[in-house]
Every structure is written in C-alpha cells, then in structure tokens.
Amino acid sequence: QLQLVESGGGLVQPGGSLRLSCAVSGFTSDYHTIGWFRQAPGKEREGVSCITSNSGGTNYANSVKGRFTISRDNAKNTVYLQMNSLKPEDTAVYYCAATLHALACGWGPISKTDFGSWGQGTQVTVSS
C-alpha cells in the first residue's frame, strides 16, 4: 500500500515562497510518477506539476510555470514543490498523488484521473 503525506503548507503574503513536501512510502515508491494537485473552494481539483520516477520528466500547469519548481529526492522518498512569487489565486489545498504510469507526466494537462494514490492535502493560503 502506497502512502503519501504532504507538509509545508501555511499562510504566506503575496510574493512570498513556500516549499511543500510529499513523503512517499510503500512498495516500489521510487518507481512512481508523482503529481501535485490543488483544489480551491468551489473549484475542480487541478494538476499543478508532476515529475517522473527518475526526474527525467517534469510538467507544469501554465498558471505556475516560471514560479513553481518540482523536484524529488529518491534517497529520502520525498518530492518537493518549491513555490515562489505566490499569488492569492494560488490559495488552495495542495495534494500529492502517485501513479506507475510515466505517461501521466507528459506534455499535456496533468489529469487527476491518471493518479490512483493520494495524500490528505495541506492548506496553502496566500493573503496579506
């Protein structure tokens, strides 16, 4: 059973930064593609970023390109999402999720239906 635990959320002012962590445990966790998603109140859960198992492939939603950076440390079984230049519209619950399908992190939109294992989420609030 794969388990994912997010941490690092909080309250930050516009223009500030946060780094989210996703600790992954379970059988063959190194081989999973990991995605970050977010869900704001009243909105659909949307894909933010993803990274393949060997860090060879990454993808970002247009709304976060140039501001967010995804990385992973397989020795620590942890995936990170560095979020810079945060905006109020980045406010949401952020979730990490896992899939064995590397094609889930391709060139197109990151789809939540491609990911089968989910964490509980961490709240990010961007407000002055």
Side-chain angles (χ1 to χ4, degrees):
Q1 185 81 15
L2 202 64
Q3 291 184 324
L4 300 95
V5 179
E6 304 93 339
S7 61
L11 173 64
V12 63
Q13 292 185 341
S17 298
L18 281 175
R19 188 177 79 158
L20 304 184
S21 298
C22 174
V24 186
S25 60
F27 184 64
T28 65
S29 59
D30 285 359
Y31 298 99
H32 285 77
T33 289
I34 303 296
W36 281 100
F37 295 79
R38 66 186 181 187
Q39 189 166 18
K43 293 188 176 182
E44 291 286 323
R45 191 171 298 189
E46 63 172 350
V48 173
S49 183
C50 58
I51 187 167
T52 55
S53 59
N54 61 357
S55 302
T58 60
N59 193 12
Y60 297 90
N62 288 335
S63 58
V64 306
K65 278 181 182 176
R67 299 189 298 123
F68 291 11
T69 303
I70 193 170
S71 61
R72 69 190 294 163
D73 184 340
N74 283 344
K76 296 182 178 179
N77 293 324
T78 302
V79 175
Y80 305 99
L81 186 68
Q82 178 67 43
M83 306 187 297
N84 299 329
S85 302
L86 283 162
K87 304 175 182 179
E89 51 263 44
D90 294 318
T91 295
V93 178
Y94 283 71
Y95 301 88
C96 62
T99 178
L100 282 171
H101 304 295
L103 292 179
C105 191
W107 292 103
I110 304 161
S111 174
K112 60 182 182 290
T113 60
D114 289 333
F115 291 78
S117 299
W118 292 83
Q120 294 300 306
T122 185
Q123 176 71 46
V124 172
T125 302
V126 185
S127 175
S128 56

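The figures that follow rest on heavy atoms only: side chains count, while hydrogens, waters and symmetry mates do not.
- Rounded to the nearest 0.5 Å, atoms CH2 (W107) and CG (N59) are 8.0 Å apart.
- Considering all non-hydrogen atoms of both residues, G57 and C105 come closest at O-SG, 4.1 Å.
- Note that CG of L11 and CD of Q123 are 9.5 Å apart. Values are rounded to the nearest 0.5 Å.
- Listed here is the closest heavy atom pair of A40 and A92: N-CB, 3.8 Å.
- Two residues are said to be in side-chain contact when any heavy atoms from C-beta on lie closer than 4.5 Å; L2 and V24 meet this criterion.
- To the nearest 0.5 Å, atoms CZ (F68) and CG (L20) are separated by 8.0 Å.
- Linking ILVMFWY side-chain heavy atoms closer than 4.5 Å, directly or via other members, places I34 and Y94 in a single hydrophobic cluster.
- Across every non-hydrogen atom of T78 and S21, the tightest pair is CG2-CB, 4.1 Å.
- Nearest heavy atom pair, residue V12 against residue L18, reads CG1-CD1, 4.0 Å.
- In terms of heavy-atom proximity, A104 sits nearest to D114 at CB-CB, 3.7 Å.
- Note on V48: it does not cluster hydrophobically with I110, by side-chain heavy-atom contacts below 4.5 Å among ILVMFWY residues.
- Cluster membership for Y80 and M83, using ILVMFWY side-chain heavy atoms within less than 4.5 angstrom, is not shared.
- Across all non-hydrogen atoms, the minimal contact from S17 to S85 is OG-N, 4.4 Å.
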W118 and F37: ring-ring contact (aromatic ring centres under 6.0 Å, His included), yes or no, with the steps?
CA-CA 10 Å; W118 292 83; F37 295 79; 4.8 Å; yes
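- To the nearest 0.5 Å, atoms CD1 (I51) and SG (C22) are separated by 11.5 Å.
- Residues L4 and S117 meet the side-chain proximity criterion, which asks for heavy atoms closer than 4.5 Å.
- At distances below 3.5 Å, not a single donor-acceptor pair connects side-chain atoms of R72 with backbone N or O atoms of T33.
- Annotation: the span from K65 atom NZ to S49 atom OG amounts to 10.5 Å, rounded to 0.5 Å.
- Rounding to the nearest 0.5 Å places OG of S71 at 7.0 Å from CZ of R19.
- With a 4.5 Å cut-off on side-chain heavy atoms, Y60 and T69 count as touching.
- Test V93, D90, V124 against R38 for side-chain contact (heavy atoms from CB on, under 4.5 Å) and you get one pass: D90.
- A side-chain donor-acceptor contact under 3.5 Å links T113 and S111.
- Between the side chain of Y95 and the backbone N or O of E6, no donor-acceptor pair lies under 3.5 Å.
- Heavy atoms from other residues, nucleotides or ligands lying under 6.0 Å from CD of E89 number more than 12.
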